[in-house]
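Chain A is the first sequence line, chain B the second, and so forth, proteins listed ahead of strands; every chain is numbered from 1.
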There are 2 protein chains.
Amino acid sequence: MSEPAATPRRGRGRPGYDQATVLRRAIDLFNRKGFDGTSMGDLAEELGLSKSALYYHVPSKTHLLAQALDEALDELTVVIQQAQDEATGTAYERLRSVVRQSVEVLIAHQPAVTLLLRVRGNSEVELAALRRRRGLDTQLAGMVRAAEAEGTVRRDLPPDLVSRLLFGMVNSLVEWYRSEGEVHASVVSNAITTIVFDGLDVRPA
Amino acid sequence: MSEPAATPRRGRGRPGYDQATVLRRAIDLFNRKGFDGTSMGDLAEELGLSKSALYYHVPSKTHLLAQALDEALDELTVVIQQAQDEATGTAYERLRSVVRQSVEVLIAHQPAVTLLLRVRGNSEVELAALRRRRGLDTQLAGMVRAAEAEGTVRRDLPPDLVSRLLFGMVNSLVEWYRSEGEVHASVVSNAITTIVFDGLDVRPA
DNA sequence: GTCTATATCCTGATAGAC
DNA sequence: GTCTATCAGGATATAGAC
């Protein structure tokens with residue numbers, strides 16, 4: 001449990017790695033090759049270290065995963081909590097808002113969220129993350145239900161199904177969106193809300 | 001390359017396993033624990049066999065993966081090819097049709113398609129599958145573009161983005177849909193086409 | 001902070017008896 | 001068709017020198 005400096009050393013001396021950098025590179029590798037498909041040797045090589053030097057910076061492979069999943073879950077929790085706390089406005093407006101903000105979080109924290117969405121429950125850490133995630137999904141479904149009950153969203157589709165499909169579309173972002181690419185986050189979140197709420201059909205304005 | 005019977009033996013004698021059964025159980029396990037997270041020992045245990053007995057039925061772990069990915073890709077290829085060959089009707093109708101039929105294939109071959117959608121390119125087999133899949137995605141994007149060009153689908157959104165989001169929603173089915181569940185395939189495909197083409201907003205009919 | 005060396009276990013796959 | 005036994009390599013993680 002000895003703590004290496006959390007802030008990168010400036011100037012003279014060997015650079016070393018702060019925990020945040022190791023975590024970031026680890027998440028990237030996990031996403032490229034899968035968590036189980038990535039060995040600590042792979043990660044050490046990626047960082048230009050030996051395996052044992054890597055273990056100086058990080059207690060275990062599992063710990064890296066847990067940190068990443070926590071990052072994603074914490075961010076999503078905040079977004080959903082904020083949306084539910086909005087006393088003003090309609091359920092419809094809260095739903096639109098949470099969709100938009102979910103897209104922003106997915107993009108801002110894309111690597112960590114990608115990892116979260118791929119977790120299968122192979123360990124206690126993964127199971128805990130799945131439980132937390134299920135709670136968030138339930139809250140999102142509740143927001144869709146509220147909008148239907150309010151009558152501002154079509155009532156001929158089961159709200160749980162709508163929720164799954166809607167956030168399935170949102171979550172599919174992680175499969176292709178890259179922040180270095182040419183598509184801005186606002187373009188994506190606008191496209192999603194336009195498709196989902198207005199539909200693709202052309203119709204008189 | 002000795003061939004075990006492809007059809008299950010009826011009556012007397014030990015049952016053995018035909019290749020199709022082994023493949024089906026393998027795919028299920030791969031989806032529950034991830035391909036890399038599943039060992040041949042796990043699969044043998046699931047089948048109630050020793051590892052070496054399993055290797056009598058199957059040449060390698062990679063071969064199981066290749067067969068599963070081929071199943072998924074073959075089915076998707078047929079659907080997309082059929083949709084493109086429809087000379088009659090508008091591009092809009094072809095697009096609606098390919099969405100509906102993609103949902104049917106995803107549901108009918110859910111385990112194999114799930115595996116396909118999770119492939120990361122960790123081996124030559126996975127890379128080949130990704131290449132084939134990219135070709136299909138390109139064809140789907142072309143169908144969205146055609147509908148936009150035709151003017152039957154809104155033109156204020158980039159067609160490649162629309163395609164990614166639309167089929168992102170479709171593909172997200174594999175994350176939760178179970179054929180044993182209460183939701184029928186037609187309900188799902190109807191919900192998707194309704195959301196995507198008509199939108200969730202309530203509006204005058 | 002990084003290294004070499006090592007412990008221990010698990011992996012995919014094979015040999016050969018029954 | 002299934003088994004026990006085995007192999008070579010790779011996995012996570014640790015010990016201890018520098």
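- The side chain of A/Tyr56 contributes no N or O atom lying less than 4.0 Å from OP1 or OP2 of C/dT2.
- Looking only at side-chain heavy atoms (C-beta outward), A/Gln81 and A/Asp85 come within less than 4.5 Å of each other.
- Within the nucleic acid shown, A/Thr62 has no heavy atom closer than 4.0 Å to any nucleic acid atom.
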| Between A/Ser97 and A/Glu93, is a side chain to side chain donor-acceptor pair (under 3.5 Å) present by the stated rule, with each step listed? | CA-CA 6 Å; A/Ser97 155; A/Glu93 282 160 354; over 6 Å; no

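- Between A/Asp36 and A/Lys61 there is no salt bridge, since no side-chain nitrogen of the basic residue lies less than 4.0 Å from a carboxylate oxygen of the acidic one.
- Distance from the side chain of A/Ser60 is smallest to D/dA13 among D/dC3, C/dC3, D/dA13.
- Note on A/Ser50: a side-chain N or O is less than 4.0 Å away from OP1 or OP2 of C/dC3.
- Rounded to whole Å, atom C1' of D/dA13 lies 16 Å from atom NE2 of A/His57.
- Mapping A/Thr38 and B/Lys51 onto DNA chain D by nearest heavy atom places B/Lys51 closer to the 5' end of the strand.
- Rounding to whole angstrom units, CE of residue A/Met40 and P of C/dC3 are separated by 14 Å.
- When rounded to the nearest whole Å, the span between CG of A/Asn122 and P of D/dT12 equals 14 Å.
- You'll find that the side chain of B/Tyr55 is closest to C/dA13, out of C/dA13, C/dA5, C/dA15.
- Of the listed nucleotides (D/dA13, C/dT2, C/dT11), D/dA13 has the atom at the smallest distance from the side chain of A/Lys61.
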